[in-house]
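These notes concern the structure reproduced below.
Just follow the structure's listing: the first ligand is 1, and inside any ligand the first atom is 1. The model shown is predicted, which means the values in this text are computed figures rather than measured ones.
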Amino acid sequence: MSDRSRYDLIVAGVARPAADGAMVAVREPATGQVLAEVARAGAPDVDDALGAAAAAFDAGVWADEPATARGRVLARVAGLLREHAEDLARLEARNAGKPIGDARWEVGAAADTFEYYAGAADKFFGEVVPVADPGLDVVLREPVGPCALIVPWNFPLLIASWKVAPALVCGNPVVLKPASLTPLTALRLGELLVDAGVPAPCVSVLPGPGSVVGDALVADPRVAKVSFTGETATGAAILQTAAPNITRVSLELGGKSACVVFADADWRRAAAETPLAVFGNAGQDCCARSRILVERPVHDAFVEAFTARTRALRVDDPLDERTEVGPLISDAQRRVSLDYLELGAQEGARLVCGGRVPERAGSFLEPAVLVDVDNRMRVAQEEIFGPVACVIPFDGEEEAVRLANDVPYGLSGSIWTSDLGRAIRVSRAIRTGVLSVNSNRSVRTETPFGGFKRSGLGRELGMHALAHYTEVKNVFFCSGSRPAR
Ligand code: NDP
């Protein structure tokens, strides 16, 4: 399966070339070699996909299926993802350059997501409101309509699943726009959706340039809902494009999350666990703890332990079972990190390890640790989206909170402390959508995920996501008079 070298679009459930026949080469970041030729969608393909989706929605195809039936189809998708897990993981590892162990975890998490929403199908419903007027007031949750789901290249299958599963389970047709660099597992997902029994007109997967396919989807009045993950600047542009049609939009955007390590914490464990919370996925993770705030009494010892673990990270071929960090997605993305390392040096930060380009093919970069960082420096304020960690000392709880909050983002973060009262105070004071105490894990299928400030709008995962894929309708049934007893 992973050896397939040509991929068509999926338009209304059917694999076909782009209307204009365009194809693009998709590369393998670890080698720079072409991995596959992929059809490149354009405006006519968007029109076909949305025409089918809107017609299906208007006819009640899928939306009028009982919720339990939709849930059963999603459960089959989860089963198919598990059945094809190894092929999908290898495909993702090669296309996105991620270590095979991480790719396996992601395919499993994508299956978990479909399973979770399969189970949620008949557990998300409206309410009956006790109103003063005689009668019955019912609040219904109705599907919103065709959904345009636009995803980035860092977790291609997983983030697609976070959008596709809740959108479908609520009864909506989906048009998925994968990132141009990583369309392969999204196209496989599209095939599996149809195989599992999602009606063909309700499934399209359109790889193609964001400025063409993404923009056409967002601007089209047939799209009822846009769910986007990607850069903050792209999210802002999407809001503007969606504005004339008042299209519903949710956004998962960038981050510059803080890992706050207090002197009272088990800081040795924090130092051992945090490198992969910054350098995992080669730092291309919106939840990366790219600012590590360390209380001064343990700062130097923490840096020593953290740096030792970082140096020991195995940066290698994604298909090697022992690899912990793969290449960046492209040479251009690596260039961004290298430019930030230069900028950091100009700003006065000191590189204590990494930052070297290994002598091998592929977009590899050794994980870099910057110390003597001031939170006002650009390396501390801007999302680098590469393997660069900034370590910043602080004195006391108040300064920790001030520094953690002093960035335009608010997506994720960690607090390491053994003081429960402090954990409660600081977690309430940090303005971010997701926090972990004495852990660096941000994402759980069952819990809401999303950001404050410029990190986004709305939430994915958990039952919270479902609200974004439904409209609330209130119906009052007048009984004419109060019921007789
Ligand atoms: P981009 O914003 O460049 O792209 C994301 C997706 O949007 C791609 O499919 C892209 O297509 C598409 N796109 C680009 N321009 C437009 C447009 N004008 N209209 C509609 N769609 C468009 O982000 P990256 O792919 O570079 O992803 C990295 C960014 O994503 C990082 O900043 C990161 O923080 C953020 N991110 C946030 C997450 C979160 O949950 N908060 C999770 C993961 C990443 P194409 O590929 O063709 O350019």
Exercise. For ligand 1, what are the residues with a heavy-atom contact below 4.0 Å?
Worked result: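 Lining ligand 1: Ile150, Val151, Pro152, Trp153, Asn154, Ile159, Lys177, Pro178, Ala179, Ser180, Gly208, Pro209, Gly210, Gly214, Asp215, Phe228, Thr229, Gly230, Glu231, Thr234, Ile238, Glu252, Leu253, Gly254, Cys286, Glu383, Phe385, Leu411, Phe449.
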Is it true that [X] and [Y] make a salt bridge, defined as a side-chain N closer than 4.0 Å to a carboxylate O?
{"X": "Lys256", "Y": "Glu383", "value": "no"}
{"X": "Arg376", "Y": "Glu347", "value": "no"}
{"X": "Glu366", "Y": "Arg356", "value": "yes"}
{"X": "Arg4", "Y": "Glu191", "value": "yes"}

Exercise. Do the numbers put Arg309 on top of the ring of Phe306, so that NZ or CZ is under 6.0 Å from the six-membered ring centre and no more than 45° off the axis?
Worked result: no
Problem set entry | Pairing residues for Trp62 by the ring-ring contact (aromatic ring centres under 6.0 Å, His included) criterion, not counting sequence neighbours |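 Result, ring-ring contact (aromatic ring centres under 6.0 Å, His included) vs Trp62: none returned.
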